[in-house]
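Report on the following structure.
Heads up: numbering here begins at 1 and tracks the sequence.
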Amino acid sequence: MTEAPTASPSRTTGFRGAIFDVDGVLVDSPHEAAWRQALHELMDDDWSGIRDATTWSPEGFTAQVYQQVLSGKPRRNGARAALEYFHVPDAAERTATYAERKQRLLVRMIDARAFEAYPDGVRFALAVRAAGIPIAAASSSKNADRFLRGIALDEFGKAPGAALHGPPPGATLLDVFDANLSGRDFAHGKPDPEIFLTAAAELGVSPGACFVVEDAVSGILAAKSGGMAALGVARSDDAEALAAARADLVVASLDDVDPARLRHGELAARGD
């Protein structure tokens with residue numbers, strides 16, 4: 001477990017750093033579909049002989065299972081967690097096969113541009129940056145850079161509330177971040193705070209002066225364990241789970257967050 005600093009500085013002067021997860025916050029990526037399809041293919045083919053010994057079924061691999069079991073975890077950790085959840089025999093030995101099948105599918109989906117940006121997530125990241133708060137991308141996914149690089153800012157820079165002043169032609173969302181830790185290898189994955197503590201250090205900001213934007217319970221737990229404020233975005237009807245993980249604010253859309261309050265160190269919804 002990565003140790004967080006024991007003292008959290010006061011946020012009376014406002015937040016001085018923001019850390020964004022990517023998948024589920026900024027990008028509606030095909031990760032979930034790739035995990036689901038890869039396991040279905042294996043159960044129909046290479047692993048058909050053990051299928052009846054598992055609890056897996058196509059309809060049983062729900063969005064809630066993805067959020068609770070896989071979301072936010074490094075690839076190998078997520079693969080093993082899913083196999084153990086479905087009681088697949090010899091899960092440890094089968095983890096690499098499942099993880100590699102999922103990655104091949106995911107790359108094909110990315111190449112086919114089978115993903116979309118969450119407009120509210122992009123607008124919020126731009127608004128935070130425009131407010132003078134440095135931002136970092138901190139995703140466990142080794143594919144996060146591909147997603148961020150695939151999101152052109154032109155349309156968002158012109159949208160009401162985007163709050164980006166003159167993005168250069170051809171700029172992508174990847175260009176907005178002051179630090180990018182996505183896809184790095186860390187000793188500990190979420191819910192350990194290592195990735196977020198490292199992001200704060202690279203922004204030159206103490207953890208207590210940062211907030212983290214996450215859609216997964218494991219990410220909220222990591223943020224709180226690291227002594228940071230946590231903003232949960234409920235993309236999968238999981239607001240109660242994010243709140244139970246002690247998110248400081250949970251919203252259905254990041255458009256609902258009041259960027260002006262960030263200057264006072266507050267995570268608050270518009271109109272509160």
>> Tell me whether Val212 shares a hydrophobic cluster with Val217, the cluster being built from Ile, Leu, Val, Met, Phe, Trp, Tyr side chains joined at under 4.5 Å.
In response: no
>> As a quick check of understanding, evaluate side-chain contact (heavy atoms from CB on, under 4.5 Å) for Phe186 and Asp192, giving each step before the final call.
In response: CA-CA 10 Å; Phe186 288 95; Asp192 189 277; over 6 Å; no
> Does the side-chain contact (heavy atoms from CB on, under 4.5 Å) test come out yes or no for Val257 and Phe124, once each step is laid out?
Replying inline: CA-CA 8 Å; Val257 182; Phe124 185 64; 3.7 Å; yes
> Side chains of Asp44 and Arg51: does their closest heavy-atom pair fall under 4.5 Å?
Replying inline: yes
> To the nearest 0.5 Å, what is the distance between CG (Asp215) and CD1 (Ile220)?
Replying inline: 8.5 Å
> Can you tell me if Ser182 and Asn180 form a side-chain donor-acceptor pair at under 3.5 Å?
Replying inline: yes
>> Any heavy-atom pair between the side chains of Glu202 and Leu181 that's under 4.5 Å?
In response: yes
> What are the two closest non-hydrogen atoms of Ala117 and Ile151, and how far apart are they?
Replying inline: CB-CD1, 3.8 Å
> Does Val69 share a hydrophobic cluster with Leu42, counting links as ILVMFWY side-chain heavy atoms below 4.5 Å and allowing steps through other members?
Replying inline: yes
> Tell me, do Phe196 and Met228 make a side-chain contact under 4.5 Å, heavy atoms counted?
Replying inline: yes
> So, is the end of the Arg94 side chain (NZ or CZ) under 6.0 Å from the ring centre of Trp47 and within 45° of the ring's axis?
Replying inline: yes
> What distance do Glu266 atom CD and Leu249 atom CG have between them, rounded to the nearest 0.5 Å?
Replying inline: 11.0 Å
>> Could you report the tightest heavy-atom contact between Ala137 and Val22, atom names first, then the distance?
In response: CB-CG2, 4.4 Å
> With a 4.5 Å limit on heavy-atom distance, are the side chains of Asp256 and Ser253 in contact?
Replying inline: yes
> Between Arg261 and Asp272, is there a donor-acceptor pair closer than 3.5 Å when you use the side chain of the first and the backbone of the second?
Replying inline: yes
>> Would you compute the distance between atom NZ of Lys190 and atom CG of Asn77 and round it to the nearest 0.5 angstrom?
In response: 12.0 Å
> Quick check: are there more than 12 heavy atoms from other residues, nucleotides or ligands sitting under 6.0 Å from CG of Asp237?
Replying inline: no
> Does Thr95 use its side chain to pair, donor to acceptor, with the backbone of Ala91 at less than 3.5 Å?
Replying inline: yes
>> Grouping I, L, V, M, F, W and Y whenever their side-chain heavy atoms are under 4.5 Å apart, do Val27 and Ile135 come out in a common cluster?
In response: yes
>> Please determine whether residues Ile133 and Leu174 belong to a single hydrophobic cluster, defined as Ile, Leu, Val, Met, Phe, Trp and Tyr linked transitively by side-chain heavy-atom distances below 4.5 Å.
In response: yes
>> Between Val25 and Leu254, is there a side-chain heavy-atom distance shorter than 4.5 Å?
In response: yes
> To the nearest 0.5 Å, how far apart are CG in Asp248 and CG in Leu231?
Replying inline: 8.5 Å
> Ion pair present between Asp46 and Arg101, side-chain N to carboxylate O less than 4.0 angstrom?
Replying inline: yes
>> Looking at every non-hydrogen atom in both residues, tell me the closest pair between Arg76 and Ala99 and how far apart they are.
In response: CD-CB, 4.0 Å
> For Ser225 and Pro191, which heavy atoms make the closest approach, and how far apart are they?
Replying inline: CB-O, 4.4 Å
> With a 4.5 Å limit on heavy-atom distance, are the side chains of Trp35 and Val65 in contact?
Replying inline: no
> Using 4.0 Å as the upper bound for N to carboxylate O, is an ion pair formed by Asp23 and Arg235?
Replying inline: no
>> Is the shortest side-chain heavy-atom distance between Leu153 and Val122 below 4.5 Å?
In response: yes
> What about Phe115 and Phe147, are their ring centers closer than 6.0 Å?
Replying inline: yes
> Hey, does Leu126 have a side-chain heavy atom less than 4.5 Å from the side chain of Val176?
Replying inline: yes
> In chain order, what residues pass the ring-ring contact (aromatic ring centres under 6.0 Å, His included) check against Phe177, with sequence neighbours excluded?
Replying inline: none
>> Using the side-chain hydrogen bond (donor to acceptor under 3.5 Å, both in side chains) definition, which of the options Lys102, Arg36, Arg75 pairs with His31?
In response: Lys102
Which side-chain N or O atoms in residues 81-90 pair as donor and acceptor under 3.5 Å with protein atoms at least two apart or in another chain?
from  : atom 1 : to    : atom 2 : distance (Å)
Glu84 : OE2    : Arg80 : NE     : 2.8
His87 : ND1    : Thr55 : OG1    : 3.4
His87 : ND1    : Tyr85 : O      : 3.4

>> Quick check for you: to the nearest 0.5 Å, what is the distance between Arg184 atom CZ and Thr198 atom OG1?
In response: 7.5 Å
> Counting distance only, does the side-chain N/O of Lys142 pair as donor-acceptor with the main-chain N or O of Gly183 below 3.5 Å?
Replying inline: yes
> Is the closest basic N to carboxylate O distance between Arg129 and Asp178 below 4.0 Å?
Replying inline: yes
> Does Val213 share a hydrophobic cluster with Tyr118, counting links as ILVMFWY side-chain heavy atoms below 4.5 Å and allowing steps through other members?
Replying inline: no
> Any Lys/Arg nitrogen of Glu214 or Arg246 sitting under 4.0 Å from an Asp/Glu carboxylate oxygen of the other?
Replying inline: no
>> Minimum heavy-atom separation for Ala199 and Ala138, please, with both atom names.
In response: CB-CB, 4.5 Å
> Is there a donor-acceptor pair under 3.5 Å between the side chain of Ser139 and the backbone N or O of Ser141?
Replying inline: yes
> What are the two closest non-hydrogen atoms of Leu105 and Gln37, and how far apart are they?
Replying inline: CD2-NE2, 3.5 Å
>> I need the Arg149 CZ to Arg146 CZ distance, nearest 0.5 Å.
In response: 9.0 Å
